[in-house]
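Inspection log for the structure reproduced underneath, given as structure tokens.
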There are 2 protein chains.
Amino acid sequence: MTRIATLSESRDSCHNCRLRTLCLPDNLPKEDIGKLEGIVQRRKPVSRGGYLFQAGQRFNSIYAVRTGAVKTSTLMANGDEHISGFHLPGEVIGLDAIVSRDHPSSAIALETASICEIPYAELETLSERTPALQHRLMRIMSRELLAEQSTNHLLSRRSAEQRLAVVLIKFSERFADRGLSALRFRLPMSRLDLGNYLGLVPETMSRTFRRLEEQGLVSIAGKEIEIVDSGAMKALAFGAEGSQTART
Amino acid sequence: MTRIATLSESRDSCHNCRLRTLCLPDNLPKEDIGKLEGIVQRRKPVSRGGYLFQAGQRFNSIYAVRTGAVKTSTLMANGDEHISGFHLPGEVIGLDAIVSRDHPSSAIALETASICEIPYAELETLSERTPALQHRLMRIMSRELLAEQSTNHLLSRRSAEQRLAVVLIKFSERFADRGLSALRFRLPMSRLDLGNYLGLVPETMSRTFRRLEEQGLVSIAGKEIEIVDSGAMKALAFGAEGSQTART
DNA sequence: GGTCGATTTTGATTTCAGTCAAGTTGGGTA
DNA sequence: TACCCAACTTGACTGAAATCAAAATCGACC
């Protein structure tokens, strides 16, 4: 089946999307991308602070970030917000709702974000007759699982400095995956949000940023981050030094 | 002493398996269970400390726990072990490997465990022509994602008492899901392992168990746990009291 | 039943991050 | 441009869990 692409379609289509290889279409044959294309809905941009969906809302679709950045968070029994993740272009949001009928968490734009909405019922129907898509979905779920595990890991008995180093390195890698600089980037979220994610209060965030800067590992100007000594950062983040002692 | 319920053996087919509704076959039509049955391999029991698979090993299969209990853990750069989860009968292990070709973590039996091995290539082929199975796989992945998120949440800025209360309540619920007592059960792992999972050192685990006991919430005899005041436990685990203050 | 090593407990002390309190900065807008 | 409010920073103090050290208990195996 050949589609006649209009100008706006060609700009907006999965085929031409720069994020293709990170997102659902990765590794799909051309015709399957076309089919996927048929069910993807491109919504008007969500501005800073706007909701993609709210916790408790009926689950209908999953969402892929096209531009901008999004946080997902759950409201705890006591009214506190817990931020479970930050999502950059090419990443898929809402997969945690598949099992439960309702969204367990809310998704909020950190900066103006354009979003692709993919109705899940249609995606599921399509993937029944599209093995490559089914395959891809499983891989994306698995990838998310791994990312969550890595966050667990991060939160388990690591110092504030290590947590911050890890998260900065990971952002660096994610920006690099998107063709941006790995050494100079702008964090899309507030210190408060990043602290919430890392299990640290804003005061500690501030002091920890300063300590990393004093050690000559990074250079900070508000949300602009420059990684000055990437090797030392990785050593701090993943190395033996300063981590919990092995107890065998 | 009253006999503590154990996770007893189920028959050798998915059709008759008591864990059917927790595991892969849930909600599958009879003939699909039959097909699944055709690819499931029942291995000889793995004894305490034995590996189901090791980190770095080539990914070929996912595994379902039939009896016993299993922990999954990753070895960190510095040689430390980080335990990412404990797995009871009916739960599926190894889904985090789908994306990566190799297992990112090891799975180790905490007590003698019988395991169903499901070759992933065959499972994927089967699910291509079995929509219900595909559906079920997605739901299981989503469930795992939620479980990981909930662990993140648990590790993020909660006191030792709250962490322990949460994990005990969750084990209680999981045992109940398996038809065992929610109020009296035996934890399958050591304090060290549980502490590792919770991000706490064994000394703190010991003291925290004692504090919960002193408050009359639980009664502890080694690995045997009795939940004495389930309401107060839930209040401690999920309630407003003692948690971090909302900072808006 | 006794022995040895692993697991768990207990106590004393230290330390890192949290809390409280008070600025300072900076982006948005009137 | 100046104002305002939110975001961020800084400092002093506190407290919960880590660390260090040692003893007690458990349990697997002769």
Side-chain angles (χ1 to χ4, degrees), chain A residues 47-49 71 80-81 83 110-112 154-165 186-215 218 220-225 236 241-248, chain B residues 1 47-50 71 80-81 83 108-112 154-165 186-215 218 220-225 236 241-248:
Chain A
S47 54
R48 187 170 201 275
K71 69 174 175 183
D80 282 7
E81 180 185 24
I83 294 175
L110 289 165
E111 50 194 46
T112 303
L154 166 65
L155 294 172
S156 190
R157 310 238 305 98
R158 300 181 88 84
S159 70
E161 275 185 30
Q162 285 186 305
R163 292 181 200 203
L164 186 52
R186 181 173 202 281
L187 290 176
M189 80 295 289
S190 70
R191 297 271 192 281
L192 190 131
D193 279 352
L194 190 58
N196 180 310
Y197 175 70
L198 292 175
L200 301 169
V201 297
E203 294 94 322
T204 302
M205 290 303 293
S206 175
R207 288 187 248 265
T208 308
F209 266 114
R210 182 153 51 77
R211 266 183 284 148
L212 290 188
E213 196 164 30
E214 282 166 3
Q215 292 168 41
V218 292
I220 311 287
K223 290 177 176 168
E224 306 288 343
I225 309 291
L236 173 58
E241 218 53 44
S243 89
Q244 66 269 42
T245 342
R247 298 218 180 194
T248 322
Chain B
M1 181 200 292
S47 54
R48 187 172 201 274
K71 69 174 175 183
D80 282 7
E81 181 186 26
I83 294 175
I108 301 163
L110 290 165
E111 52 195 46
T112 304
L154 166 65
L155 293 172
S156 189
R157 310 235 309 96
R158 301 181 86 83
S159 70
E161 277 186 29
Q162 286 185 304
R163 292 181 199 202
L164 186 52
R186 181 172 203 284
L187 290 176
M189 80 294 290
S190 71
R191 296 274 192 278
L192 190 130
D193 279 353
L194 190 57
N196 182 309
Y197 175 70
L198 292 175
L200 301 169
V201 297
E203 295 94 322
T204 303
M205 290 302 292
S206 175
R207 288 187 247 264
T208 307
F209 266 115
R210 182 154 52 75
R211 266 183 286 148
L212 291 187
E213 195 164 31
E214 283 166 3
Q215 292 168 40
V218 293
I220 312 286
K223 289 177 176 166
E224 308 290 343
I225 309 291
L236 172 59
E241 220 51 45
S243 89
Q244 66 267 43
T245 342
R247 298 227 185 186
T248 320

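Model, not experiment: these values are computed from the prediction. Just so it is clear: chains get the letters A, B, ... in the order the sequence lines come, proteins before strands, and each one is counted from 1.
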[X] side-chain proximity, nearest of [options]:
X: R211(A); options: dA17(C), dG18(C), dA18(D); answer: dA17(C)
X: T204(A); options: dT8(C), dA18(D), dG18(C); answer: dG18(C)
X: V201(A); options: dA17(C), dT19(C), dT9(D); answer: dT19(C)

Open item on the list: Need one value for G199(A): base, sugar-phosphate or nothing, where a base atom within 4.0 Å counts as base even if backbone is also close, heavy atoms only.
Closed with: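 Counting heavy atoms under 4.0 Å across all strands, the contact made by G199(A) is with sugar-phosphate only.
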TODO: Supply the atom-to-atom distance I108(B) CD1 to R48(B) CZ, rounded to the nearest 0.5 angstrom.
DONE: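 Nearest 0.5 Å value for the CD1-CZ distance: 11.5 Å.
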Task: From L110(A) atom CG to D193(A) atom CG, the distance as rounded to the nearest 0.5 Å - done: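 Between atom CG of L110(A) and atom CG of D193(A) there are 6.0 Å.
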Rounded to whole Å, how long is the line connecting atom [atom1] of [X] with atom [atom2] of [N]?
X: Q162(B); N: dG15(D); atom1: CD; atom2: P; answer: 18 Å
X: K223(A); N: dG27(C); atom1: NZ; atom2: P; answer: 9 Å
X: E214(B); N: dT9(C); atom1: CD; atom2: P; answer: 12 Å
X: N196(B); N: dA18(D); atom1: CG; atom2: P; answer: 12 Å
X: I220(B); N: dT7(C); atom1: CD1; atom2: C1'; answer: 16 Å
X: L194(A); N: dA7(D); atom1: CG; atom2: P; answer: 14 Å
X: L187(B); N: dT8(C); atom1: CG; atom2: P; answer: 11 Å
X: L200(A); N: dG18(C); atom1: CG; atom2: C1'; answer: 10 Å

Are any protein N/O atoms closer than 3.5 Å to N/O atoms in nucleotides 11-14 of chain D? If there are, list each pair with its distance.
{"from": "dG11(D)", "atom 1": "N7", "to": "R207(A)", "atom 2": "NH1", "distance (Å)": "2.9"}
{"from": "dG11(D)", "atom 1": "O6", "to": "R207(A)", "atom 2": "NH2", "distance (Å)": "3.3"}

OP1 or OP2 of [N] under 4.0 Å from side-chain N/O of [X]:
X: R158(A); N: dA17(C); result: no
X: S206(B); N: dT9(C); result: yes
X: R157(B); N: dT19(C); result: yes

Open item on the list: I need the minimum non-hydrogen distance between S156(A) and L155(B), along with the two atoms involved.
Closed with: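 So the minimum-distance heavy-atom pair works out to CB-CD1, 4.4 Å.
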Task: Taking every non-hydrogen atom, the tightest pair across N196(A) and I83(A) - done: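 Heavy-atom minimum between the residues: OD1-N, 2.9 Å.
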Task: Bend angle of the helix from dG1(C)-dC30(D) to dA30(C)-dT1(D), from helix axes over five pairs at each end, nearest 10° - done: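 It works out to 50° between the end axes.
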TODO: May I ask you to decide whether E111(A) forms a salt bridge with K223(A), counting only side-chain N to carboxylate O separations under 4.0 Å?
DONE: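 Salt bridge: no.
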- [ ] Using a strict cut-off of less than 4.0 Å between a Lys/Arg side-chain nitrogen and an Asp/Glu carboxylate oxygen, indicate whether E214(B) and R210(B) qualify as a salt bridge.
- [x]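 The answer is yes: the pair qualifies as a salt bridge.
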Task: Under 3.5 Å: donor-acceptor pair, side chain of R191(B), backbone of M205(B) - done: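 Flag not set: sc R191(B) to bb M205(B) has no pair under 3.5 Å.
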Task: Test item: R163(B) side-chain N/O and R158(B) main-chain N/O as donor-acceptor pair under 3.5 Å - done: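 Between the backbone of R158(B) and the side chain of R163(B) there is a qualifying donor-acceptor contact (under 3.5 Å).
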Task: Criterion side chain to side chain contact (heavy atoms under 4.5 Å, CB included) on I220(A) and L212(A), from CA distance to verdict - done: CA-CA 9 Å; I220(A) 311 287; L212(A) 290 188; over 6 Å; no
- [ ] Please name all residues satisfying side chain to side chain donor-acceptor pair (under 3.5 Å) with Q215(A), sequence neighbours left out, ordered by chain then number.
- [x]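 Result, side chain to side chain donor-acceptor pair (under 3.5 Å) vs Q215(A): E161(A).
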